[in-house]
Amino acid sequence: MDRFRIGVLTSGGDCPGLNAVIRATVASAHTLGWEVLGFIDGYEGLLSPVNYKILTMENTQGIMSVGGTIIGTTNRGRFAAKLGFGEKAQIPQPIIDEAKKTLQDLGVQALVCIGGDGSLTTADQLFENGVPVVGVPKTIDNDLSATATTFGFDSAVQCVADALDRLHTTAASHRRVMVLEVMGRYAGWIALHGGLAGAADVILIPEIPFSYERLADFVKNRMENGASSTLIVVAEGASAQGADFTTMDGETNGEKRLGGIGNQVAHEITERTGRETRTVVLGHLQRGGDPTTQDRILGARFGVGAVRLIQEKKFGCMVSYLNYQTGAVSIKEAVGQLKRVPPGGQMVQTAKAVGVSFGI
Ligand code: F6P
C-alpha cells in the first residue's frame, strides 16, 4: 500500500524558527510512517514547473537551530494574497485549480501551510476549494489573532534588545539621542516588547499616535535633568497624530513598504531640542539569524501540532498557542482580524510604570 503523503510549504517573509517547524513536522510524520514533500518557494512550488523535494530525517537533521527556511519562501508571485491594511485579495481560480491538480497528481493527502496572515488567507482559499489544509502561524510581527504568540517574534524581540544594548553605550558616551526603527507593520508588538527588554526610554507604536511636541518635551526634560542618553524605539508603522504611515518606494505583495519614520522622528527631535540625534534602521536583521530557544520550542510544538491536526482531520484549522497549550482554531477566524497592541493593556501600562514615554 502507498504511504500516506503530506506536503509542507513555507510562505511569506521568512522568520527564525521555520526550520524548527519543518523538522518537527517531518519527524512527527515519520513516526506515523508518513512521507513528507517540501514544496519549494512556498505556494509557487505547487505551480508549473512544480518544484518539491522529499523531506527525510536525514536531510532535516541539524536544522533546528538554523534561521531561514530550507525549502525557500516568497512573499510575491502568483499566489500573493494580501493588498494592504485589512484588504484581502482572492487568488484567481485557475491558479487554485492548478495547485489542486498538482497535489492530486502527487498523491498529497494533506498540506501544511506555514505562513502569516496573507499566506494563511491563501491556505483558507485552498481549503474552501476542497484542499485538506492545516496552517501554522508564522510572523515576527506577532499580529495574528487567535494565537497568543507566533514563532519568530521572540527572536525579533531579542534582536531589538541586543541592538538597544549596543546603542546604549555609544549614545551615553556622546550624550546623544538614538532612534531605532523596527519592523512590525501595523502592530507595535516588536517595538513594545523589544523596547521594554532593551530599556528604551521612548516607545512609539502604531496603536498610539504620538505628538512631536510631547516627544520633544520628554527628551528635552530628560537630557536637561542629567540623562546621558535617550533611546527611542519607533515601530515602522507608527505615526504622529493626524499623519499617515510613512512608506518607502516599492511594494511587497501589493502592499506599500513601510519605513522612514525613524529619520523623521530624529529630524524633528533635532529641530525641536537641538540635541544630536542618530537613526538606526534595524530592518531584516530582525528576520535573520538563529531562532531563540523559545522559538525553537514553539516551532517544534507547532510542527507536532500540525501533524496532529491532520491525524484528527481538522482541516481548515491552524495550530494556535493559547494558555501555554497548542490547540486548533479555524484559519478564517485567525486571519479575519489583525492582533494589535491594546493601548490600555498591561504591557503598555508596565512600560509606562517604569517611565517609558509613548510620545503622548
Ligand atoms: O511581516 C514581516 C515583515 O518583516 C514586516 O515586519 C515588514 O514590514 C515586512 O515583512 C518586510 O517585508 P520585505 O521582506 O518584503 O521587505
Side-chain angles (χ1 to χ4, degrees), residues 4-30 34-56 59-60 63 66-82 91 95-139 144 150-152 252-253 287 299 302-307 309-310 315-319 331 334-335:
F4 188 79
R5 257 188 168 189
I6 66 168
V8 60
L9 57 82
T10 51
S11 172
D14 75 316
C15 79
L18 283 169
N19 285 327
V21 180
I22 293 170
R23 181 184 175 275
T25 303
V26 171
S28 178
H30 276 233
W34 299 356
E35 189 173 44
V36 184
L37 269 54
F39 288 95
I40 308 298
D41 295 342
Y43 294 105
E44 286 295 301
L46 296 169
L47 303 178
S48 177
V50 172
N51 198 1
Y52 67 90
K53 75 174 179 190
I54 307 272
L55 295 175
T56 63
N59 64 18
T60 55
I63 64 169
V66 182
T69 160
I70 59 161
I71 49 176
T73 186
T74 181
N75 52 9
R76 49 186 74 241
R78 292 168 281 181
F79 264 101
K82 195 173 58 198
I91 307 299
I95 300 282
I96 296 281
D97 292 342
E98 190 184 335
K100 248 181 108 170
K101 184 166 181 317
T102 302
L103 293 168
Q104 273 160 8
D105 290 350
L106 291 170
V108 172
Q109 292 166 70
L111 183 65
V112 179
C113 300
I114 310 170
D117 60 347
S119 307
L120 290 174
T121 301
T122 299
D124 195 48
Q125 210 185 323
L126 284 171
F127 172 66
E128 282 175 350
N129 280 269
V131 179
V133 165
V134 299
V136 176
K138 164 242 64 161
T139 170
L144 274 175
T150 51
F151 69 90
T252 297
N253 206 352
R287 293 228 307 251
F302 278 177
V304 170
V307 170
L309 291 190
I310 295 173
F315 300 117
C317 282
M318 171 193 101
V319 189
I331 296 178
V335 299

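Remark: Glu98 engages Leu47, Ser48 in a side chain to side chain contact (heavy atoms under 4.5 Å, CB included) (not counting sequence neighbours). Residues forming a side chain to side chain contact (heavy atoms under 4.5 Å, CB included) with Phe127 (at least two apart in sequence, or on another chain): Asp124, Val133, Phe315. Listed by chain and number, the residues in a side chain to side chain contact (heavy atoms under 4.5 Å, CB included) with Ile40 are Asn51, Lys53, Ile71 (sequence neighbours excluded). Every residue two or more places apart in sequence or in another chain that forms a side-chain hydrogen bond (donor to acceptor under 3.5 Å, both in side chains) with Glu128 is listed here: Lys332. Residues forming a side-chain hydrogen bond (donor to acceptor under 3.5 Å, both in side chains) with Asp14 (at least two apart in sequence, or on another chain): Arg287. A search for side chain to side chain contact (heavy atoms under 4.5 Å, CB included) contacts involving Asn59 returns Leu55, Thr56, not counting sequence neighbours.
Taking CD1 of Ile70 as the start and CD1 of Ile63 as the end, the distance is 4.0 Å to the nearest 0.5 Å. How far CD1 of Ile114 is from OG of Ser11: 10.0 Å, rounded to the nearest 0.5 Å. Expressed to the nearest 0.5 Å, how far CG of Asp117 lies from NZ of Lys138 amounts to 8.5 Å. The CD1 atom of Ile310 sits 4.0 Å away from atom CD1 of Ile6, with the distance rounded to the nearest 0.5 Å. With rounding to the nearest 0.5 angstrom, the CD1 atom of Ile96 is 10.0 Å from the CG atom of Leu46.
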> Run the side-chain contact (heavy atoms from CB on, under 4.5 Å) check on Tyr52 and Val108 step by step: do they pass?
Replying inline: CA-CA 12 Å; Tyr52 67 90; Val108 172; over 6 Å; no

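Aromatic ring pairs are classed by plane angle as parallel below 30°, tilted from 30° to 60° and perpendicular above 60°; the pair Phe151 and Phe302 is perpendicular.
For the side-chain hydrogen bond (donor to acceptor under 3.5 Å, both in side chains) with Thr10, the qualifying choice from Thr73, Thr69, Thr74, Asn19 is Thr69, the only one to do so.
With hydrogens and angles ignored, the 3.5 Å screen pairs no side-chain donor or acceptor of Lys100 with any backbone N or O of Leu126. Checking side-chain atoms of Tyr43 against main-chain N and O of Ser119 turns up a donor-acceptor pair under 3.5 Å. Within the 3.5 Å criterion, the main-chain N or O of Leu106 finds a donor-acceptor partner in the side chain of Arg5.
Contact annotation: the side chain of Val112 approaches that of Val136 to within less than 4.5 Å [non-hydrogen atoms, C-beta and beyond].
What you find for Gly299 and Ala24 is that their closest heavy atoms are O-CB, 4.3 Å. In plain terms, the two heavy atoms of Gly305 and Val319 that are nearest each other are C-CG2, 3.7 Å. Scanning both residues, Leu144 and Pro137, for their nearest heavy atoms gives CD1-CB, 3.6 Å. Shown here for Val36 and Ala29, the closest heavy-atom pair between the two residues is CG2-CB, 3.6 Å.
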